[in-house]
K.L.:
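Have a look at this one before I ask anything.
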Amino acid sequence: MAQILALSRSLHLQHPLRVGLASLYSRSMSSLDTRARAVFSAAVEAVQPDIVVRRGLERHGDKLLVGGQSFTLTNNLYLVGFGKAVLGMAAEAERIVGDHLIKGVVSVPHGIQNTLRNHGKAKMLLESHSRITVMEGAKHNLPDRDALKSAECIRELASGLTEKDVLLVLISGGGSALLPAPAPPMSLQEKQDVTRKLAAAGATIQELNTVRRALSLLKGGGLAQCANPAKVVALILSDVIGDPLDLIASGPTVRSDSRPEEVWAILDRYKLSDSLPSSVKEVLSKARPSELQVQEQPEPHEVKDHVSNVVIGSNTIALECASRKAIELGLRPVILAPGVCGDVRSVARLYGLLSSFACSPGKEPPPELAAEILQLGPDVGIESWDLCRTMNVLVEERKEGWGATCLLAGGEPTVQLTGKGRGGRNQELALRVGLELSGGEVKSGAVFLSGGTDGQDGPTEAAGAVTDGELMEEAMSQGLDIDGFLTNNDSFTFFSQLSEGRRLLMPGLTGTNVMDVHVMLLPPSPQRLPII
Ligand SMILES: Nc1ncnc2c1ncn2[C@@H]1O[C@H](COP(=O)(O)OP(=O)(O)OP(=O)(O)O)[C@@H](O)[C@H]1O
Ligand SMILES: O=C(O)[C@H](O)CO
């Protein structure tokens, strides 16, 4: 069948058979499309707030096992949390250890309870008799008065604990904005101005959170310090590449060891040092003494005296589960890397090259392709080792004729906004990869999906999109000019108009966030044509 399809496509048959083959072809494409979507869903499912909390908290009678440590529960449990996924995490934690819970406070995004209710996610809401107080704030992901109040309540709760108590801290992405505690004499407005200017100047999340830690009473280990001498167990859902404990939500339970010079270097880099308000300079001039007894330990668990930090959900975990789903669907999985970053143009080029590498005719892929792939590595945050390992799998696959391959990766590429359109980095990446796959002389039949695990790509209702080598023809036949949409960063409008939006990925709000997931399905060699 594959040979017949190859023949029909190369000869451009003007025959009824061609019509039949064309519909067969589009059915097989949609089969890969469906599988790519199923693999993405499995990735998201693996990091649902309730699932990650169940994975992290093991209960045996009055013993609680977490991060390799055992705690005895004697009605001595308190809970705090901050982040976009924390409400669902708190609901599950209360189901597991609610009988020993005295009190809790969570700081969650403005409007989240209504949004979850409207999306049929009641499981992520707390019961009416819950001991946990839900405080909403940080409209538009910016720290505000409401978030300040929530942070104050969390600080008060932590500060009143004794050595008999256990404080469970739930942390997820968005936690920095939801736990603002400006170090005096700085005001919230002054602190917010600094972080807003840094973000607008293009500072990375690592740079941003290094500065945030230095300006806060609770970040950079401040919360764990307040809770001393109670035992602190932090369950962390990571939204930062590499899962750095001290940077996720600015590490409120991880002692910050960044030096003041490091903070000044960042402010200098973005030309902000001279315009800082005197209150901010005053805070930065005082090195915050740290009485914390925690130190950096290798991931994923950090255990030192009274503080234990455990990563319970991450992009890596999502990719591993996606990979298991791929096997179930008859695909051979290979995980490229969980930390893809850099400009979407370079990332799209990489996927285009990998597809050509896997599908080029002949016994071996041309060595120039491998060289170009390796050259791109540093631009997209992928180690040569991971690229070589992935290419080896693709070569083996060609030689041994395994089934379709499912290439998986994750991370957070960036888009340089030049236009005023509606879109997101996932839709823009999918669009650019679609162009790459449409451009080659030999169409690989590959299908590419890029999606944000939170279900929302930029300020749009879609999480991402699914594309393939037919994209260009499809757009042209519908009078859509891809270049125009790209120049205006208008990927959402493009995909909404194309074929009635069938290529959009619309899972709705997922209630979790471990950055983005990329899935590229490569049909089996030697022909690399669509499979049925
Ligand atoms: N029109 C657009 N086209 C492409 N990308 C866009 C567009 N508008 C915004 N973006 C990108 O969307 C991102 C912001 O959206 P989003 O809130 O999904 O990401 P985020 O800041 O990483 O938040 P989260 O961690 O919750 O996913 C930025 O990277 C921004 O460059
Ligand atoms: O809250 C934050 O700081 C970001 O989401 C990174 O964790």
Side-chain angles (χ1 to χ4, degrees), residues 44 81-86 107-109 112 138 140-143 147 151 171-180 195 198-200 202-213 215-216 218-220 234 236-254 311 313-315 341-345 347-348 410-432 450-465 485-496 509-517:
V44 172
F82 30 86
K84 295 184 189 176
V86 148
S107 172
V108 294
I112 192 166
H140 309 303
N141 208 12
L142 291 171
I171 301 178
S172 77
S176 291
L178 287 159
L179 194 73
T195 43
L198 271 174
T204 62
I205 191 69
Q206 288 77 6
E207 292 170 326
L208 206 58
N209 285 1
T210 302
V211 175
R212 277 169 162 164
R213 283 186 321 211
L215 301 180
S216 167
L218 291 177
K219 297 179 167 87
I236 303 168
L237 184 60
S238 168
D239 70 332
V240 182
I241 286 177
D243 309 331
L245 296 177
D246 56 335
L247 290 174
I248 302 162
S250 307
T253 52
V254 183
V311 174
S314 64
N315 195 275
C341 56
D343 194 280
V344 278
R345 290 163 200 257
V347 179
E412 206 167 84
T414 48
V415 172
Q416 279 176 11
L417 289 180
T418 49
K420 293 198 158 53
R422 286 188 76 199
R425 56 177 182 259
N426 288 284
Q427 290 161 88
E428 188 150 330
L429 176 62
L431 182 44
R432 288 184 183 279
S450 182
T453 54
D454 60 356
Q456 198 187 16
D457 187 30
T460 75
E461 297 94 78
F485 283 100
L486 275 176
T487 311
N488 197 27
N489 297 115
D490 209 9
S491 50
F492 177 69
T493 311
F494 170 79
F495 281 116
S496 304
L509 189 83
T510 63
T512 189
N513 181 15
V514 293
M515 303 178 288
D516 305 335
V517 165

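Every heavy atom of this structure was used, including side-chain atoms; hydrogens, water molecules and symmetry mates were not. Given the structure is predicted, the values throughout are model-derived calculations rather than measurements. Counting convention: from 1, in listed order, for ligands and their atoms alike.
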K.L.:
Go through ligand 1 atom by atom and flag the ones less than 4.0 Å from a non-hydrogen atom of Glu428.
P.N.:
3 (N), 4 (C)
K.L.:
Side-chain contact, heavy-atom cut-off 4.5 Å: Leu247 with Thr210?
P.N.:
yes
K.L.:
What atoms of ligand 1 come closer than 4.0 angstrom to any heavy atom of Gln456?
P.N.:
18 (O)
K.L.:
I'd like to know whether ligand 2 has Arg212 as a neighbour, heavy-atom separation below 4.0 Å.
P.N.:
yes
K.L.:
Record the part of Met515 in heavy-atom contact with ligand 1 below 4.0 Å; permitted values are side chain, backbone, both and neither.
P.N.:
neither
K.L.:
Which of the numbered atoms in ligand 2 are below 4.0 angstrom from a heavy atom of Val240?
P.N.:
6 (C), 7 (O)
K.L.:
Can you tell me which portion of Asp454 lies within the under-4.0 Å heavy-atom range of ligand 1? Options are side chain, backbone, both, or neither.
P.N.:
side chain
K.L.:
Below 4.0 angstrom, N of the basic side chain to O of the carboxylate: do Asp516 and Arg425 qualify?
P.N.:
yes
K.L.:
Among all protein heavy atoms, pick the one closest to atom 25 (O) of ligand 1 and tell me residue, atom and distance.
P.N.:
Asn513 ND2, 3.1 Å
K.L.:
Would a search of protein heavy atoms around atom 19 (O) of ligand 1 find one under 4.0 Å away?
P.N.:
yes
K.L.:
What atoms of ligand 1 come within less than 4.0 Å of a heavy atom belonging to Gly424?
P.N.:
2 (C), 3 (N), 4 (C), 5 (N), 6 (C)
K.L.:
Once you restrict to heavy atoms under 4.0 Å, what part of Asn141 touches ligand 1? Side chain, backbone, both or neither.
P.N.:
neither
K.L.:
Nearest to atom 28 (C) of ligand 1, what protein heavy atom do you find, and at what distance?
P.N.:
Arg425 NH1, 4.3 Å
K.L.:
How does Leu417 reach ligand 1, by side chain, by backbone, by both or by neither, if only non-hydrogen atoms under 4.0 Å count?
P.N.:
side chain
K.L.:
Look at atom 14 (C) of ligand 1 and say which protein heavy atom is nearest, naming residue and atom and giving the distance to 0.1 Å.
P.N.:
Gly458 CA, 4.2 Å
K.L.:
Check Arg422 against ligand 1 and report side chain, backbone, both or neither, counting heavy atoms closer than 4.0 Å.
P.N.:
backbone
K.L.:
Give me the residue, atom name and distance of the protein heavy atom closest to atom 31 (O) of ligand 1.
P.N.:
Val415 O, 3.9 Å
K.L.:
Write out the residue and atom name of the closest protein heavy atom to atom 7 (O) of ligand 2, then the distance separating them to 0.1 Å.
P.N.:
Asp239 OD1, 2.6 Å
K.L.:
Look at atom 7 (C) of ligand 1 and say which protein heavy atom is nearest, naming residue and atom and giving the distance to 0.1 Å.
P.N.:
Gly423 O, 3.2 Å
K.L.:
Should Gly173 be listed as contacting ligand 1, given a heavy-atom distance under 4.0 Å as the test?
P.N.:
no
K.L.:
Taking both backbone and side-chain atoms of Asp239, is any N or O found less than 3.5 Å from an N or O belonging to ligand 1?
P.N.:
no
K.L.:
If we only count N/O pairs under 3.5 Å, is Pro459 in contact with ligand 1?
P.N.:
no
K.L.:
Judging by distance only, is a nitrogen or oxygen of Gly175 under 3.5 angstrom from one on ligand 2?
P.N.:
yes
K.L.:
Pick, from Glu412, Gln427, Lys84, His140, the option with the minimum heavy-atom distance to atom 26 (O) of ligand 1.
P.N.:
Lys84
K.L.:
State, with a plain yes or no, whether a side-chain heavy atom of Leu198 is found less than 4.5 Å away from one of Glu207.
P.N.:
no
